[in-house]
**Student:** 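Sharing a structure, written as structure tokens. Questions coming.
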Amino acid sequence: MSFVYAFAGIKRCIISERNFRIHITAAVTVFIFGALYGLNDVRLALLTLTCVLVCALEAVNTAIEAEVDILSPERSELAKTAKDTAAAAVLVSAIGALVVAVVMFSDVSRLLAVFARLFTMPLLVPVLIYLAACVFFVFGVGRKQR
């Protein structure tokens, strides 16, 4: 039964948290790009762990914010500290993920080759559709539930 609750939590994060949708979109994009770039299994595993860490911390941040809102509905410096610190954990992990991505995709010639492949026919139309779907997923899905 705990899996049901866990998936309900993921669903709530997707529906109510735009930043969670941004992190998911970034993770899927990085995996697709990693496959096109030709990353080996170890590097893909490292990217997976990095993306999972960011998404997990975003979920924890959401939980902390909700709990603080319940326990301290009035403005409080301690409540602000709790929320700001939880958000800082997400930020630190996202910066770490960016560093990992820079290291993973540091071969400039391979990087340019992938971009050249993506932004020329026949892949240009699917890439544009994917980008539009990402924008819709991030900005058009969900609502704030507080």
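Since the structure is predicted, the reported quantities are computational estimates derived from the model, not experimental observations. The first residue in the sequence is number 1, and the count goes up from there.
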**Student:** Out of curiosity, does Phe20 fall in the hydrophobic cluster containing Val141 (side-chain heavy atoms, cut-off under 4.5 Å, transitive links)?
**Tutor:**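 Yes: a chain of side-chain contacts under 4.5 Å links Val141 to Phe20.
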
**Student:** Cluster partners of Val54, using ILVMFWY side-chain heavy atoms under 4.5 angstrom, listed by chain and number?
**Tutor:** none

**Student:** With clusters built from Ile, Leu, Val, Met, Phe, Trp and Tyr whose side-chain heavy atoms come within less than 4.5 Å, directly or transitively, what are the remaining members of the cluster of Val42, listed by chain and number?
**Tutor:**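 Val42 shares its hydrophobic cluster with no other residue.
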
**Student:** List for me each residue that meets side chain to side chain donor-acceptor pair (under 3.5 Å) alongside Asp84, sequence neighbours excluded, and say none if there are none.
**Tutor:** Lys80

**Student:** Which atoms form the tightest heavy-atom contact between Phe105 and Val30, and what is the distance?
**Tutor:**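 Closest approach of Phe105 to Val30: CZ-O, 4.1 Å.
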
**Student:** Pairs under 3.5 angstrom only: tabulate donor-acceptor contacts from the side chains of residues 114-136 to other protein residues two or more places apart or in another chain.
**Tutor:**
from   : atom 1 : to     : atom 2 : distance (Å)
Arg117 : NH2    : Leu36  : O      : 3.0
Thr120 : OG1    : Ala116 : O      : 2.8
Tyr130 : OH     : Thr29  : N      : 3.4
Tyr130 : OH     : Thr29  : OG1    : 2.6

**Student:** Has the side chain of Arg21 got a donor or acceptor atom that lies under 3.5 Å from a matching backbone atom of Phe139?
**Tutor:**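 No; zero donor-acceptor contacts below 3.5 Å.
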
**Student:** Out of curiosity, Asn19 CG to Cys55 SG, how far, rounded to the nearest 0.5 Å?
**Tutor:**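 Interatomic distance, Asn19 CG to Cys55 SG, rounded to 0.5 Å: 11.0 Å.
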
**Student:** Only counting residues at least two apart or in another chain, list the ones meeting side chain to side chain contact (heavy atoms under 4.5 Å, CB included) with Ala79.
**Tutor:** Val68, Ser72, Ser76

**Student:** Using a side-chain heavy atom cutoff under 4.5 Å and only I, L, V, M, F, W and Y, what cluster partners does Val90 have?
**Tutor:**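 ILVMFWY cluster around Val90 also holds Leu53, Leu57.
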
**Student:** Using the test salt bridge (Lys or Arg N to Asp or Glu O under 4.0 Å), find all partners of Asp41 that sit at least two apart in sequence or belong to another chain.
**Tutor:**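 In terms of salt bridge (Lys or Arg N to Asp or Glu O under 4.0 Å), with neighbours along the sequence ignored, Asp41 is linked to no residue.
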
**Student:** Checking Lys11 now: which residues fulfil salt bridge (Lys or Arg N to Asp or Glu O under 4.0 Å) with it, not counting sequence neighbours?
**Tutor:**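 By the salt bridge (Lys or Arg N to Asp or Glu O under 4.0 Å) rule, Lys11 matches no residue at all.
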
**Student:** Could you list who else is in Ile95's hydrophobic cluster, with ILVMFWY side chains joined at under 4.5 Å, directly or through other members?
**Tutor:**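 Cluster partners of Ile95: Leu91.
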
**Student:** As a quick check of understanding, evaluate side chain to side chain contact (heavy atoms under 4.5 Å, CB included) for Leu47 and Val100, giving each step before the final call.
**Tutor:** CA-CA 7 Å; Leu47 281 177; Val100 169; 4.0 Å; yes

**Student:** Give me each pair satisfying side chain to side chain donor-acceptor pair (under 3.5 Å) with a member in residues 42-53, each pair once, sequence neighbours excluded.
**Tutor:**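 Side chain to side chain donor-acceptor pair (under 3.5 Å) check on residues 42-53 returns no pairs.
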
**Student:** Among all residues two or more places apart in sequence or in another chain, which pass the side chain to side chain contact (heavy atoms under 4.5 Å, CB included) test with Tyr5?
**Tutor:** Met1

**Student:** Determine whether Leu39 and Ile32 fall in the same hydrophobic cluster, where Ile, Leu, Val, Met, Phe, Trp and Tyr are linked whenever their side-chain heavy atoms lie under 4.5 Å apart.
**Tutor:** yes

**Student:** Quick one: which residue pairs count as a side chain to side chain donor-acceptor pair (under 3.5 Å) with a foot in residues 92-110, not counting sequence neighbours?
**Tutor:**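 Qualifying pairs: Asp107-Ser109.
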
**Student:** Say you draw a straight line from CD1 of Ile14 to CZ of Phe137; how long is it, rounded to the nearest 0.5 Å?
**Tutor:** 5.0 Å

**Student:** Assess whether side chain to side chain contact (heavy atoms under 4.5 Å, CB included) is satisfied between Phe33 and Leu111, documenting all intermediate values.
**Tutor:** CA-CA 9 Å; Phe33 196 82; Leu111 194 62; 3.5 Å; yes

**Student:** When you look at Asp69 and Lys83, which way does the side chain to side chain contact (heavy atoms under 4.5 Å, CB included) test go after all the steps?
**Tutor:** CA-CA 9 Å; Asp69 288 346; Lys83 287 182 168 187; 2.5 Å; yes

**Student:** What are the two closest heavy atoms between Asn61 and Ala87, and how far apart are they?
**Tutor:**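 That would be OD1-N, 3.3 Å.
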
**Student:** With the 4.5 Å side-chain cut-off for hydrophobic clustering, are Val28 and Tyr37 part of the same group?
**Tutor:**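 Yes; tracing contacts between hydrophobic side chains, which count when under 4.5 Å, links both residues.
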
